[in-house]
Amino acid sequence: MKKKKIIIIASAILAVVLAVGFFALYQYSIKPMNTTVLKVGDSKVSMRYFIKRIVMSEDQQSLVTLQTLMTEKLVIEGAKEAPFNLNVTDDEIDAYLKTLTVGGSDISDSEFKEWYRQQINESGLSETEFREMATVPILQEKMSEYFEDMYAGGLEHVKLNVIMLDALDSYDEIKSRYEAGESFGTLAEEFSCDTSLAESAGAYDWVAKGELDDNLDQVVFNLGVGEISELVALDGGISAVFMVSEKESARQASEETLEALKQMALNDWIQNAYSTFEIGLYGLKGEGYDSETDAWVNWQVSKLSSQADDAEKAQAS
């Protein structure tokens, strides 16, 4: 009877210990993994997915990955809305993923299925997570094509001529001699510290509106034909004098310029999206991704990376 009573008490104590242990494990390891760390519009990112993406990243920087995920969610959410109204089909995802393989679009179906299986296994992502990640570059390309259509009718261009200077006291002489009738090309040959511009007599190229940074864009597109600019400070201690020799209101941009403008337009849209979409960051204590949460996240990443290294060593041996 006494022995039976001892067994019952011991079992009760063990049950309590196990319950306390499981509760501690749940509170510190399981529960945090299921919490939301990022919300963009109606789209959420779980802590579990966040940590997987950090492990997958090249530098494994938590805050960099958080920023990347924020941008991805902005693209996914924004692409659904006007003016884009975009979607991505399964065939488009598969076609994109094939470009990432060694065989590219020529890879056989069986080889692609095996590669696909390996990618999901190695990433630790679910198939849904893996395919959603693949939609981002597809959507970005489609959004870029939308901006390209905006430029179909041509863009305002100026034919730019430039004198690069590393001696600021040369400007007054350049300006007075140009206004006295000396050609810009002759002055560029004499004063430009840039060899290629000196050899071309200051002739640079056609430049589309929006191609330069905002400050330079405003300077050169406000110049009249034949008008010389004030001295403009550039990076690296260099300054420049500009002169516009021709203007066109609807010139077709070069392919290189078009690609640059499309990327700039997409980047501008993303930056604006940060203020137009509701974005929430969350940590272990609720709203706000704090240093305690970041430390816990990096601890989890370290554990997973260590486990992956051990598995790789065991496989190699």
Taking every non-hydrogen atom, the tightest pair across F184 and V241
CZ-O, 3.7 Å
Side-chain heavy-atom pair M33, I51 within 4.5 angstrom cut-off:
yes
Any donor-acceptor N/O pair, S305 side chain to S302 backbone, under 3.5 Å:
no
With rounding to the nearest 0.5 angstrom, report the CD to CG distance, Q140 to N267.
8.5 Å
List the steps and the verdict of side-chain contact (heavy atoms from CB on, under 4.5 Å) for L63 and Q67.
CA-CA 6 Å; L63 297 181; Q67 185 73 49; over 6 Å; no
Any pair counted as salt bridge (Lys or Arg N to Asp or Glu O under 4.0 Å), so long as it reaches residues 231-253, sequence neighbours left out
K159-E246, E248-R251
Between I279 and K39, is there a side-chain heavy-atom distance shorter than 4.5 Å?
no
List for me each residue that meets side-chain contact (heavy atoms from CB on, under 4.5 Å) alongside N215, sequence neighbours excluded, and say none if there are none.
D213, V219, V232
Under the side chain to side chain donor-acceptor pair (under 3.5 Å) test, residues paired with K80 that sit two or more places apart:
E77
Can you confirm whether L168 sits close enough to S239 that some side-chain heavy atom of one is under 4.5 Å from a side-chain heavy atom of the other?
yes
Within the structure provided, determine whether V207 and H157 are in side-chain contact (heavy-atom separation under 4.5 Å).
no
Sequence neighbours excluded, the answer for side chain to side chain donor-acceptor pair (under 3.5 Å) partners of T71 is Y274
Enter the distance from L197:CG to I163:CD1 here, rounded to the nearest 0.5 Å.
9.0 Å
Taking side-chain contact (heavy atoms from CB on, under 4.5 Å) as the definition, give me every residue that meets it alongside N272, ordered by chain and number, with sequence neighbours left out.
none
Kindly check if the number of other-residue, nucleotide or ligand heavy atoms within 6.0 Å of CD (E278) is above 12?
no
Side-chain heavy atoms of L231 within contact of K175, under 4.5 Å:
no
D42, CG atom: more than 12 neighbouring heavy atoms under 6.0 Å
no
Taking the side chain as every heavy atom from C-beta outward, state whether F50 and T65 have any atom pair closer than 4.5 Å.
yes
Return yes when atom NZ of K209 has more than 12 non-hydrogen atoms of other residues, nucleotides or ligands closer than 6.0 Å, and no otherwise.
yes
Residues M56, M133; criterion side-chain contact (heavy atoms from CB on, under 4.5 Å); working and verdict
CA-CA 12 Å; M56 287 174 62; M133 189 170 67; 3.6 Å; yes
With K113 as the cation and W115 as the aromatic partner, state whether NZ or CZ is under 6.0 Å from the six-membered ring centre and within 45° of the axis.
no
Step-by-step salt bridge (Lys or Arg N to Asp or Glu O under 4.0 Å) determination, K98 to E111:
CA-CA 10 Å; K98 285 180 180 180; E111 289 172 329; over 6 Å; no
Per the salt bridge (Lys or Arg N to Asp or Glu O under 4.0 Å) rule, what does the pair list look like for residues 81-91, sequence neighbours excluded?
D90-R131
Closer than 3.5 angstrom, by distance alone: can the side chain of N298 be matched with the main-chain N or O of A295 as a donor-acceptor pair?
no
Just jot down the side chain to side chain donor-acceptor pair (under 3.5 Å) partners of E114, sequence neighbours excluded, or say none.
R117, Q118
Please enumerate all residues that pass side chain to side chain donor-acceptor pair (under 3.5 Å) together with T99, with sequence neighbours excluded.
none
Give a yes or no on whether Q218 atom CD has more than 12 heavy-atom contacts from other residues, nucleotides or ligands under 6.0 Å away.
no
Per the ring pair (Phe, Tyr, Trp, His ring centres under 6.0 Å) rule, what does the pair list look like for residues 209-260, sequence neighbours excluded?
none
Please, which pairs that meet ring pair (Phe, Tyr, Trp, His ring centres under 6.0 Å) have at least one residue in residues 116-138, sequence neighbours excluded?
F112-Y116, Y116-F130
Applying ring-ring contact (aromatic ring centres under 6.0 Å, His included), name anything that partners F147, two or more places apart in sequence or on another chain.
F84
For the residue pair L160 and V244, establish whether any side-chain heavy-atom pair is separated by less than 4.5 Å.
yes
Does a side-chain heavy-atom distance below 4.5 Å link Q60 with S57?
yes
A208 backbone acceptor or donor facing E211 side chain under 3.5 Å
yes
Can you name the salt bridge (Lys or Arg N to Asp or Glu O under 4.0 Å) partners of E148, sequence neighbours left out?
K262
K142 side chain to N87 backbone, donor-acceptor under 3.5 Å:
yes
Worked verdict on L165 versus C193 for side-chain contact (heavy atoms from CB on, under 4.5 Å):
CA-CA 6 Å; L165 298 172; C193 65; 5.5 Å; no
